[in-house]
Amino acid sequence: MSGLSTPRAMALLLRRDLLLAYRRRAELVNPLLFFVLIASLFPLGLGADSRLLQAAGPGIVWVSALLAALLSLDGMFRSDFEDGTLEQLMLSAHPVSLLVLAKVFAHWLVTGVPLILVSPLIGLLLSIPGEAMGVLVVTLLLGTPVLSLIGAVGVALTVGLRRGGIILSLLVLPLYVPVLIFASSAVDAAASALPVGPQLYILGAMLVAAVSLAPVAAAASLRVSLS
Amino acid sequence: MNELRDFFHMGGYAVYVWTSYGLAAAVLLANVIHPLLQRRRLFALLARRRRRAARN
Amino acid sequence: MMRFLHKLASPKTFYALSGRIIPWAGVSALLLILVGAYWGLVEAPADYQQGDSFRIIYVHVPAAWMSLFVYVVMAGAGAIGLIWRIKLAEIIAISSAPIGASFTFLALVTGSLWGKPMWGTWWVWDARLTSELILLFLYLGVMALYGAVEDKRTASRAAAILAIVGVVNIPIIHYSVEWWNTLHQGPTVTKLDKPSIAPEMLWPLLIMALGFKLYYVATVLMRARVELLERERNSRWVQEMVEAG
């Protein structure tokens with residue numbers, strides 16, 4: 001095989017995916033819009049009582065983030081599956097799990113990071129107090145990569161299906177529960193000036209576990225899906 | 001007689017207790033019947049296919 | 001030993017052997033469940049706090065145990081099927097899913113039926129009920145994925161991976177839900193956890209649990225046999241069996 005080292009291959013793959021995403025940047029705005037839309041629907045449904053919104057705010061932001069992440073997942077492997085790139089990747093000499101990790105990272109950079117960037121705006125709409133805003137951003141910083149990683153397994157399992165979207169949500173959302181619980185509780189605690197260390201540490205631990213396990217599971221799933 | 005009525009009465013919790021047990025029985029039974037039906041359907045299908053193959 | 005295992009894993013042997021196990025497991029399951037139900041409903045004394053409503057635990061708790069047990073078996077069989085490419089393990093794994101889902105459903109509904117007289121509402125976001133609900137979603141996910149993939153071999157391998165991912169997540173989900181529960185509601189709703197239970201109340205529980213376990217053995221084998229026949233429908237031994245009627 002070529003003398004390409006694995007880190008170099010990962011970097012190339014990352015660059016390629018980012019480039020492709022840049023060419024289709026109009027599509028990337030959609031999950032973001034979805035995120036803002038969902039979050040702004042809640043006050044309309046719940047009423048504009050700022051105390052109520054403040055209590056529900058962390059949960060709303062995080063549920064919206066989960067749904068937006070879910071919406072963006074489908075694009076992770078879809079086009080590569082359709083044009084055969086995925087099969088080429090499986091045949092390469094490099095460990096598939098690491099290549100998957102590079103792809104997930106690229107996906108997170110183009111979908112997760114924008115989400116984090118607009119989250120203070122949502123926080124503002126939901127009257128989350130200023131002290132909690134920093135914690136909100138930190139939970140998203142720790143949590144959204146986990147969403148992308150777990151999501152990668154789900155996408156890898158459903159990529160060959162014609163109508164995988166609804167099944168994908170059924171597979172992935174239950175697995176998102178722990179992230180939702182700890183992240184929104186951290187923001188909640190911060191809003192009432194309580195310590196948030198434990199929740200953040202647990203989120204960090206989840207991230208470490210997801211980074212090390214999810215790519216392996218996703219690679220195995222891709223192998224099954226492409227067989 | 002009274003004893004029996006007390007038994008079905010379940011100290012006022014009859015609805016909850018008997019619904020629980022009845023539902024459990026129904027679900028457990030369904031899991032037995034389902035494979036039996038499936039098996040019969042499959043055998044019918046295979047037998048039909050065999051007959052058709054024998055005719056041709 | 002390996003030879004024996006290989007022979008066991010051959011579809012025809014499995015079919016014959018399981019055919020002999022099913023009646024035994026089924027009948028003993030039925031007996032145990034009947035004895036357990038009689039004991040639980042009639043013999044066991046009413047709880048001094050909860051009255052007769054506590055008798056629901058003889059369905060609820062074994063069903064909840066089984067819901068977890070079956071999931072672990074499903075993931076284990078799935079892993080064996082994936083690693084050693086044993087078709088039978090795949091079949092056992094996928095046949096477990098609907099049964100496990102039934103147990104989970106039972107645990108949920110009986111928990112709710114128990115909760116109504118205890119808490120006054122049908123649903124409380126109690127740690128165990130919430131975990132069971134998510135477990136039900138996990139089961140349904142496995143079944144949906146299996147149903148969606150056309151090729152049954154590929155489908156069962158995909159479902160197996162999902163089951164393994166789920167089994168890694170179950171403890172995390174369980175503990176996060178438990179932690180979340182203690183955070184959001186005081187320790188008032190812990191009536192479902194019995195710290196100590198009188199032996200005459202415990203025995204029927206154990207009998208019931210054993211009965212459920214044997215029931216699972218019988219039904220999973222029944223399902224696996226049908227699944228096996230479907231997949232092997234073109235092989236000679238199945239053809240011969242159809243011919244024999």
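As the structure is a computational prediction, the values presented were derived from the model and not from experiment. Protein chains get the first letters and strands the later ones, always in sequence-line order, with residue 1 at the start of each.
The CG atom of L213(A) sits 12.0 Å away from atom CD1 of I164(C), with the distance rounded to the nearest 0.5 Å. Separation of atoms CD1 (I172(C)) and CD1 (I181(A)) is listed at 11.5 Å; rounding is to 0.5 Å. Residue L138(C) holds its CG atom at 11.0 Å from CG of L173(A), rounded to the nearest 0.5 Å. The CG atom of L157(A) sits 11.5 Å away from the OG1 atom of T154(C) when rounded to the nearest 0.5 Å.
The local environment of CG in L194(A) is crowded, with over 12 non-hydrogen atoms from other residues, nucleotides or ligands closer than 6.0 Å. Other residues, nucleotides and ligands contribute over 12 non-hydrogen atoms within 6.0 Å of the CZ atom of F34(A). Atom CD of E82(A) has more than 12 heavy atoms from other residues, nucleotides or ligands within 6.0 Å. Annotation for K116(C): atom NZ counts as buried by contact number, over 12 foreign heavy atoms lying within 6.0 Å. Enclosure of atom CZ in F105(C) is not indicated, since only 12 or fewer non-hydrogen atoms of other residues, nucleotides or ligands lie within 6.0 angstrom. For K152(C), the NZ atom sits in a packed shell: over 12 heavy atoms of surrounding residues, nucleotides or ligands are nearer than 6.0 Å. Under a cut-off of 6.0 angstrom, the local environment of CZ in R233(C) is crowded, with over 12 non-hydrogen atoms contributed by other residues, nucleotides or ligands.
Scanning both residues, I161(C) and S221(A), for their nearest heavy atoms gives CG2-OG, 3.4 Å. Minimum interatomic distance between A158(C) and V224(A) (heavy atoms only, all atoms of both residues): N-CG1, 3.7 Å. The minimum heavy-atom distance between I167(A) and A148(C), with the atom names listed, is CD1-CB, 3.1 Å. Taking every heavy atom of both residues into account, A144(C) and L170(A) meet most closely at CB-CD2, 3.7 Å.
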| field | Steps toward side chain to side chain contact (heavy atoms under 4.5 Å, CB included) verdict (I150(A), V165(C)) | value | CA-CA 9 Å; I150(A) 296 176; V165(C) 172; 5.7 Å; no
